[in-house]
Number of protein chains: 2
Amino acid sequence: MFLTLCQILLEEQHLRPREFDHDDVLRIAFDQFWRKGVRGTSLSDIARDAGVQRGSLYNAFGSKEALFLQAYERYAGDYLLGLQKALGTGSLRKRLTTFFELTIANFRSGSPPRGCPTTRGLMELGAAEGEGLDEEARQVFASLVSRITALVQDTLSAGARRGEFNGNPAVAALHIITVTRGLAVLERAYGDEAQLRKIAAHTIDLVLDKKGG
Amino acid sequence: MFLTLCQILLEEQHLRPREFDHDDVLRIAFDQFWRKGVRGTSLSDIARDAGVQRGSLYNAFGSKEALFLQAYERYAGDYLLGLQKALGTGSLRKRLTTFFELTIANFRSGSPPRGCPTTRGLMELGAAEGEGLDEEARQVFASLVSRITALVQDTLSAGARRGEFNGNPAVAALHIITVTRGLAVLERAYGDEAQLRKIAAHTIDLVLDKKGG
DNA sequence: ATGGTTTCTCGACATCGTGTCAAAAACAAA
DNA sequence: TTTGTTTTTGACACGATGTCGAGAAACCAT
């Protein structure tokens, strides 16, 4: 995967070029994975959708899991960028509201809603060989969670400097992230978007130190 | 599944009885599913472990998913009973602390930790045919979540009557449940039990209206 | 006890998905 | 054109799910 990235960056195509676009396939694959789950998507499906032979996918990406991970990393980068952009303005309450809105909108997108790819990926992690979870996949998912947590913490710290928040930004950010992960789970359980929004609003009230009703 | 239950309850075994114990297989199967994930467990594994032929499992339970669901329901019943028993005594803070402790202990059990079966099950839900999630499985998982939520809500209501809580029990219970689901996700991401406990303690502080540090 | 009926068991089979491999095809460079 | 390398392509092996039918086993009735 890292090798492939280097090859792309350095344009080191000395010989026969690929007959399909690497990024197109990544997008198509992620869309399928997101709609039908990693488990429910076969490489044949992706190959058909992308107009590529199944063997070519193995040649280009290595395995189904490797393909998913690369597709996921592309998604994660885009998603984090969108969050950063949206969290740049307004009062702290406004920013947190936007954060929850974007989060919920993300895993309520599609019909039927596709859920949160990160949470789904994390919970599908299996024991690799004998002991321990699949480390590579775990790190990829955990990385996005960490970066979003840092983003929220920064937002809270800035709010604290402006007198809009008087708690511990690190702990509060962890709490908020935990709530968003929990919302991703409840979304699967009930599919009731109004309920999700209610919980989000209540969480903001708690964090900003107003009594929740 | 419902039929099988009726058969058990009514003891309607007119003819040749089964050669293996229904509940034993359910327990063995759930242990495997929990350790290796539904995806990572084959019916051959379970059949070997239980000393039963694979075909007999199909005959008795119908399919892999049906077997899992029945095994899960057995687990869910036991788990809820344990929670109810543990939440019967002490101050509201003590009860909530116990609740989070049991929750974390549950998905930190085993080595490596097996995670939360309910959350894993919910996030693995796939679209069934064309549209919509697998309804039957969704309801089974959501049912346990609902019942735990009700349990927490009752605990909060009782606390409110004793003057230990002055918020809205329904909303607060939803919030607490959301946090526990989020903890189940973070457990997969980081595997840091101390962090989980910190978030739990902070959540209790927020709900009981003390400033979290 | 014995026969008949029902159910369970067990092995064979079909199907699908993953992953591997080797040969063919296609392209760049000499 | 020739050489060398990579991609493509189809065939293959393997494992898992799920179905089916024949045979074995157990129970009821006579």
Side-chain angles (χ1 to χ4, degrees), chain A residues 1 3-4 6-8 10-26 29 32-33 35-71 124 126 128-129 134 136-137, chain B residues 1 3-4 6-8 10-26 29 32-33 36-71 124 126-129 134 136-137:
Chain A
M1 177 210 69
L3 239 161
T4 321
C6 290
Q7 284 173 350
I8 292 173
L10 299 175
E11 293 286 343
E12 269 196 76
Q13 309 183 39
H14 284 299
L15 297 177
R16 178 178 181 183
R18 228 174 240 124
E19 292 189 0
F20 59 88
D21 186 74
H22 206 269
D23 279 14
D24 280 353
V25 172
L26 244 42
Q32 298 249 3
F33 282 135
R35 280 195 290 113
K36 304 187 292 183
V38 176
R39 169 189 210 166
T41 305
S42 74
L43 284 200
S44 307
D45 295 339
I46 297 171
R48 193 181 332 106
D49 238 53
V52 179
Q53 284 294 112
R54 201 170 54 90
S56 300
L57 294 181
Y58 279 100
N59 178 54
F61 300 99
S63 71
K64 182 178 174 177
E65 185 180 328
L67 170 58
F68 169 73
L69 251 47
Q70 289 176 59
E124 280 183 27
E129 351 163 347
D134 182 338
E136 187 181 353
Chain B
M1 178 210 69
L3 239 161
T4 319
C6 292
Q7 285 174 349
I8 292 173
L10 299 175
E11 294 286 343
E12 271 196 77
Q13 307 183 39
H14 285 298
L15 296 176
R16 178 178 181 184
R18 221 172 248 125
E19 290 192 0
F20 58 86
D21 187 72
H22 208 268
D23 280 13
D24 280 353
V25 172
L26 245 40
Q32 298 249 3
F33 282 136
K36 303 188 292 182
V38 176
R39 169 187 209 167
T41 305
S42 75
L43 285 202
S44 308
D45 295 339
I46 297 171
R48 193 181 331 106
D49 238 52
V52 180
Q53 284 295 111
R54 202 169 54 90
S56 301
L57 293 180
Y58 278 101
N59 177 55
F61 301 99
S63 71
K64 181 178 173 177
E65 185 180 330
L67 169 57
F68 169 73
L69 251 47
Q70 290 176 58
E124 280 182 27
E129 351 163 347
D134 180 339
E136 187 182 353

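By convention in this document, chain letters (A, B, ...) are assigned in the order of the sequence lines, proteins followed by strands, and residues within each chain are numbered from 1.
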Would you name the heavy atoms of B:Lys64 and B:Thr41 that are closest together and state the gap between them?
-> NZ-O, 2.7 Å
Less than 4.5 Å apart, any side-chain heavy atom of B:Val25 and any of B:Phe61?
-> yes
Nearest to the side chain of B:Asn59 - D:dG18, D:dT8, C:dC8?
-> C:dC8
Could you check how far CZ of A:Phe68 sits from C1' of C:dG17, rounded to whole Å?
-> 18 Å
Taking all heavy atoms of A:Ala137 and all of A:Leu69, pick out the closest pair and write down the distance.
-> CA-CD2, 4.0 Å
For B:Arg39 and D:dA16, give me the distance from atom CZ to atom C1', rounded to whole Å.
-> 13 Å
With respect to the phosphate group of D:dT8, does any side-chain polar atom (N or O) of A:Ser56 fall under 4.0 Å of OP1 or OP2?
-> yes
Whole-Å distance, A:Leu67 CG to C:dT18 P, equals 11 Å
Please report the shortest heavy-atom distance between B:Ala47 and B:Gln53, naming the atom on each side.
-> CB-C, 4.1 Å
Once you round it to whole Å, what is the distance between P of D:dA16 and CG of B:Leu57?
-> 14 Å
Rounded to whole angstroms, how far apart are CD on B:Glu65 and P on D:dA16?
-> 19 Å
Output the residues of residues 40-48 of chain B in contact with DNA chain D, where contact means a heavy atom of the residue under 4.0 Å from an atom of the strand; sort by number or write none.
-> B:Thr41, B:Ser42, B:Leu43
What pairs of residues pass the salt bridge (Lys or Arg N to Asp or Glu O under 4.0 Å) test when at least one of them lies in residues 40-59 of chain A, not counting sequence neighbours?
-> A:Lys36-A:Asp45, A:Asp45-A:Arg48
What is the distance, rounded to the nearest whole Å, between atom CD of B:Gln32 and atom P of D:dA16?
-> 12 Å
Identify the two heavy atoms, one from B:Leu43 and one from B:Leu57, that lie closest to each other, and give their separation to 0.1 Å.
-> O-CD1, 3.8 Å
With the side chain of A:Gln53 defined as its heavy atoms from C-beta on, choose the nearest nucleotide among D:dT17, C:dC10, D:dG10.
-> D:dG10
Restricting to nitrogen or oxygen on both sides, can you table the protein-nucleotides 20-22 of chain C pairs closer than 3.5 Å?
none

Do B:Glu65 and B:Val38 pass the side-chain contact (heavy atoms from CB on, under 4.5 Å) test, and can you show the C-alpha distance, the side-chain angles, and the key distance before you say yes or no?
-> CA-CA 8 Å; B:Glu65 185 180 330; B:Val38 176; over 6 Å; no
Supply the atom-to-atom distance B:Asp134 CG to B:Glu124 CD, rounded to the nearest 0.5 angstrom.
-> 12.0 Å
